[in-house]
**Q** 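This is the structure, below, for whatever I ask next.
Treat the numbers as computed from the prediction; the structure is a model and nothing was measured.
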Amino acid sequence: MQKNITLIAIIFITILTSCTNDSKRYKIGISQCSEDIWREKQNAELRMGAYFHDNVELRFAAAYDSDERQIQQIDSLVATDIDLLIVAPNQVATITPAIDRAFDKGIPVIVFERKTSSQKYTAFMSADNYEMGRVMGEYIATRLHGKGRVLEVMGLKGSSPAIERHNGFADALKNHPSIEFVATLQGDWTEESAVKAINDYQGNLSQIDFVFGQNDRMAMGAKKALASASTKYCGIDGLPGEDGGIRLVRDSILDATYIYPTHGDQLLEMAMNILEGKPYEKEVRLMSALVTKENANVLLMQNEEIVKQSEYLDQLHSRADSYLQRLDIQRVVMLMAMALVALLLLVAVMLYRYHLQKLRLHEERTKMEREQLDFYTQAAHELRTPLTLIEEPLNQLAETNAIQQSDDKAAELFAIVRRNTANLSKLVNKILDVQTGMSPQDLISNQTDEMVTSQGKEEQDKNTSTQATSEGDVPTLLIVDDNADIRTLLKTILQPHYQLLEAADGQEGLLVAHEQVPDLIVSDVMMPVMNGLEFCQQIKTDFVTSHIPVILLTARALNKHQIEGYESGADAYITKPFQADLLLARINNLLKSRLQLRHLWSNNKQKEEKAQESKEEVKENAFILRFKTVVEEKMADSDLSVEDIGAEMNLSRVQLYRKVKALTGCSPVDLLRKARLSEAHRLLMESDLSVSEIAYKVGFTSPSYFTKCFKEEYRKVPGEVRSSS
């Protein structure tokens, strides 16, 4: 059945996974230094380029001109296991370490528009910013006929486009000495920065003939700040949108602009060539052009046509995606339907096979029961002769003076033998009576019930629980067995050596163990009310009895039965029939182990740590630590009694005494006195309190009695301990 289910699961998973696309998918991270119209256009072109590659996922991030934010975004993209990084650095030096980290991890890096101060990149793509600045300088010089006053507003400080555009512009004006280069003001690519730079400038900005803003937005900011009708303005970017530079030139708001190409589609193509191992150029310079009043209108018309084609392409792509999604859904539904049909067929086959197997099992079980009946009948015949040879001699032996005059122990053992021989004879007679039509299981069950009933009647005349008080150091054992004869046999073996308690089942045994706290328990496994395995588990999990060793004594001899016994917490497992010497030796060893554990519970810290290393003593250690905590908290109370400590620990006086005695070899009173003396010894060594103050502080009612007890414990009076420190 399990193999068939596994086969079905494999088939179903195989069918579903066959729907997936096996081609490798690439994740490309794009880190933009800012968010503006130029970058929105480039991002749109990147997305359009991705239409031609089904295995590409683009992840965009914008730093809004913040170095710190862009560094975090680059590290975050790298952490998401991107396959390639495209980055426009905000500044040359500050962003370089983050780009280097990505490159050092084996991620290809394309730097576009702006350079870094490192050579750790795979490819670079940008327009020639120096050439843009130089061309704009020559254009302004031409428009001024080589004479006039010129002002420049630079982009973000430290960015490579701002530096290169300024260098090109300044070099161009050097060739025209009659043109006065009034000032270079610092902006950050935004219109507001140009307004602020001009308003904050302390020099003379009157009669400015031409302003060169390093982008169109800063050119417009300068125009608003100067508000001079005679001044002309030019910038760079040349975007075609509503507020783009080309439209501003066409409408004579700006005198000229320079197209700063975005080419996001070309950038994505380079990225795919790198990822797919195709040839690519490491350094790519994008073509650009100057925009003036003469060509602005033509460029706008061209751009409008491109925008229309792009929108149409977007619509086609959206429709194609929708059709493909529907196709995928239909394919999955069809495959799932096929899988469901296959699953139903397999279930039908399995049910049919299960029905056939059930019929075979029924036939085999009937045959087995018949064979078992034959076996038990034959075995009973073979047993009858030896039973007769045992039963009759026992009857004759019962009439002899040796038995009649024997001591109580011998008479009781003889009675057990006769009674169980008679029961065995009845069982054999029952098995032989095949005319009853009962199965072997029914016969054995009925006979067992009769035996239990018979024993129960005899047990009514006996005391079901013998409560003995432990005297001196004689250990107390608890015998738990529903068979009165077994309990009697165990008593004859154990009574010469131990104090004994009895219980007829696990539930009764649990009550006796909880009240009397014996030193060791011998228990049967097969019992009514509560069996031995449940009883053992209860003993080992109860706070009061968890330390008590348990021996399981049973006829269940298979390995799996012994494993069950040890998993329930048993300390030993002995099968019936057993030898008395073996049982005594096992009990003796377990009690010796418990006595050895007592030595671990001295006040010596090293021995206490050794006890903590023992896995078997974890619960006992917790008990002792709890006891010490209670004692330390109430030590100063001279009226503290064992009953008070027991109440704090939810134990009776007897339970507390027996558990503490079993674990430490000392009574609770002894441990309380030792704890007080130990604390007093510490105070003598570490404090300036007088001997009397210390005596009262640790709970002694008089200094003289404290001194007497202290000397008995440490063989020194308190004053000698203090002087030696």
Side-chain angles (χ1 to χ4, degrees), residues 26-47 50 56-127 129 154-167 186-193 196-197 214-215 217-218 237 260 262-264 267-268 270-272 274-275 282-284 286:
Y26 297 106
K27 293 175 287 187
I28 299 178
I30 302 167
S31 174
Q32 296 281 13
C33 57
S34 63
E35 185 73 27
D36 53 42
I37 300 174
W38 188 90
R39 300 194 187 280
E40 289 175 0
K41 181 174 182 294
Q42 186 180 61
N43 290 343
E45 291 170 352
L46 283 165
R47 293 189 184 94
V56 174
E57 176 186 350
L58 302 180
R59 299 180 179 179
F60 293 91
Y64 298 97
D65 300 319
S66 169
D67 293 343
E68 181 179 356
R69 182 179 297 161
Q70 188 168 31
I71 291 171
Q72 293 175 350
Q73 289 174 347
I74 292 173
D75 290 338
S76 178
L77 287 171
V78 170
T80 60
D81 296 325
I82 58 174
D83 299 294
L84 183 141
L85 175 65
I86 299 175
V87 58
N90 191 49
Q91 291 188 351
V92 173
T94 53
I95 310 301
T96 298
I99 299 174
D100 289 351
R101 285 195 294 272
F103 186 87
D104 291 338
K105 288 187 177 181
I107 299 174
V109 176
I110 298 178
V111 178
F112 72 93
E113 186 211 349
R114 304 181 180 189
K115 293 182 178 179
T116 70
S117 59
S118 171
Q119 293 300 312
K120 290 185 178 181
Y121 60 86
T122 309
F124 174 78
M125 179 180 288
S126 176
N129 284 288
M154 287 184 66
L156 182 67
K157 185 177 182 181
S159 63
S160 62
I163 296 171
E164 291 171 0
R165 291 175 188 179
H166 168 75
N167 292 338
Q186 186 65 57
D188 62 3
W189 305 115
T190 63
E191 181 176 314
E192 295 78 12
S193 68
K196 185 176 185 305
Q214 286 195 353
N215 70 359
R217 287 178 294 168
M218 291 192 299
D237 275 351
Y260 191 40
T262 51
H263 285 301
L267 186 60
L268 185 67
M270 173 186 279
M272 294 307 300
I274 294 172
L275 290 172
K282 185 176 178 65
E283 300 278 345
V284 176
L286 300 175

**Q** Whether the side chain of Q70 engages the backbone of N90 through a donor-acceptor N/O pair (distance < 3.5 Å, no angle test) should be reported.
**A**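 Yes.
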**Q** For S160, enumerate each residue passing the side-chain contact (heavy atoms from CB on, under 4.5 Å) test, keeping only those at least two apart in sequence or located in another chain.
**A** V92, R114, K115, E164
**Q** For the side chain of T80 and the backbone of L77, is there at least one donor-acceptor N/O pair under 3.5 Å apart?
**A** yes
**Q** Does I71 reach the side chain of I95, with side-chain heavy atoms less than 4.5 Å apart?
**A** yes
**Q** Please report the closest heavy-atom contact between A88 and C33, naming both atoms and the distance.
**A**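 The answer is O-CB, 3.1 Å.
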**Q** Going by heavy atoms in the side chains, are I99 and S118 under 4.5 Å from each other?
**A** no
**Q** Can you check whether F112 reaches M270 side chain to side chain, under 4.5 Å on heavy atoms?
**A**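 They are not in side-chain contact.
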**Q** Considering non-hydrogen atoms only, spot the tightest contact between A93 and P97 and give its length.
**A**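 A93 and P97 have their closest heavy atoms at O-CD, 3.4 Å.
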**Q** Drop me the distance from I74's CD1 to L85's CG, to the nearest 0.5 angstrom.
**A**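 Nearest 0.5 Å value for the CD1-CG distance: 6.0 Å.
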**Q** Do D36 and W189 make a side-chain contact, defined as non-hydrogen atoms from C-beta onward lying under 4.5 Å apart?
**A**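 No, every pair of side-chain atoms sits at 4.5 Å or beyond.
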**Q** Please report the interatomic distance OG(S159) to CZ(R165), rounded to the nearest 0.5 Å.
**A**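 These two atoms lie 8.0 Å from each other.
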**Q** Working to the nearest 0.5 angstrom, can you tell me the gap between I110 CD1 and I274 CD1?
**A** 4.0 Å
**Q** Within a strict 4.5 Å, meaning less than it, do heavy atoms of the N215 and M218 side chains meet?
**A**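 In contact.
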**Q** Ion pair present between E35 and R39, side-chain N to carboxylate O less than 4.0 angstrom?
**A** no
**Q** To the closest 0.5 Å, what do you measure between CG (N129) and CD (Q214)?
**A** 8.5 Å
**Q** Considering non-hydrogen atoms only, spot the tightest contact between W38 and Y260 and give its length.
**A** NE1-O, 2.7 Å
**Q** Are more than 12 heavy atoms, taken from residues, nucleotides or ligands other than K105, located less than 6.0 Å from that residue's NZ atom?
**A** no
**Q** Suppose we screen for side-chain hydrogen bond (donor to acceptor under 3.5 Å, both in side chains). Which residues come up paired with E57, at least two apart in sequence or across chains?
**A** R59
**Q** Examine distances only and state if a side-chain atom of Q73 and a backbone atom of A62 form a donor-acceptor pair shorter than 3.5 Å.
**A**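 Checking the backbone N and O of A62 against the side chain of Q73, a donor-acceptor pair under 3.5 Å is found.
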**Q** Run the numbers on F60 and R47 for side chain to side chain contact (heavy atoms under 4.5 Å, CB included), then give the verdict.
**A** CA-CA 10 Å; F60 293 91; R47 293 189 184 94; 3.8 Å; yes
**Q** Testing L46, L268, L267 for side chain to side chain contact (heavy atoms under 4.5 Å, CB included) with I30, which one passes?
**A** L46
**Q** Between the side chains of Q42 and E113, does any donor sit under 3.5 Å from an acceptor?
**A**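 No, because no side-chain N or O of Q42 sits under 3.5 Å from a partner of the opposite role on E113.
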**Q** Can you tell if the side chain of V78 reaches within under 4.5 Å of the side chain of R101, non-hydrogen atoms only?
**A** no
**Q** With sequence neighbours left out, write down each residue that passes side-chain contact (heavy atoms from CB on, under 4.5 Å) with I163, or none if nothing qualifies.
**A**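 For I163 the side-chain contact (heavy atoms from CB on, under 4.5 Å) partners, ignoring immediate neighbours, are N167.
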**Q** For D83, enumerate each residue passing the side-chain contact (heavy atoms from CB on, under 4.5 Å) test, keeping only those at least two apart in sequence or located in another chain.
**A** K24, Y26, K27, L275
**Q** Quick one: side-chain hydrogen bond (donor to acceptor under 3.5 Å, both in side chains) partners of S117, sequence neighbours excluded?
**A**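 In terms of side-chain hydrogen bond (donor to acceptor under 3.5 Å, both in side chains), with neighbours along the sequence ignored, S117 is linked to T96.
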**Q** Could you give the distance from NZ (K41) to OG1 (T262), rounded to the nearest 0.5 Å?
**A** 3.0 Å
**Q** So which atom in L156 and which in Q186 form the shortest heavy-atom distance, rounded to 0.1 Å?
**A** C-NE2, 3.7 Å
**Q** If the condition is side-chain contact (heavy atoms from CB on, under 4.5 Å), which residues does Q119 pass it with, not counting sequence neighbours?
**A** Y121
**Q** Hey, could you give me the CG/CD1 distance between L58 and I82, rounded to the nearest 0.5 Å?
**A** 11.5 Å
**Q** Is the closest side-chain heavy-atom distance between F103 and T122 below 4.5 Å?
**A**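 The answer is yes; the side chains approach within 4.5 Å.
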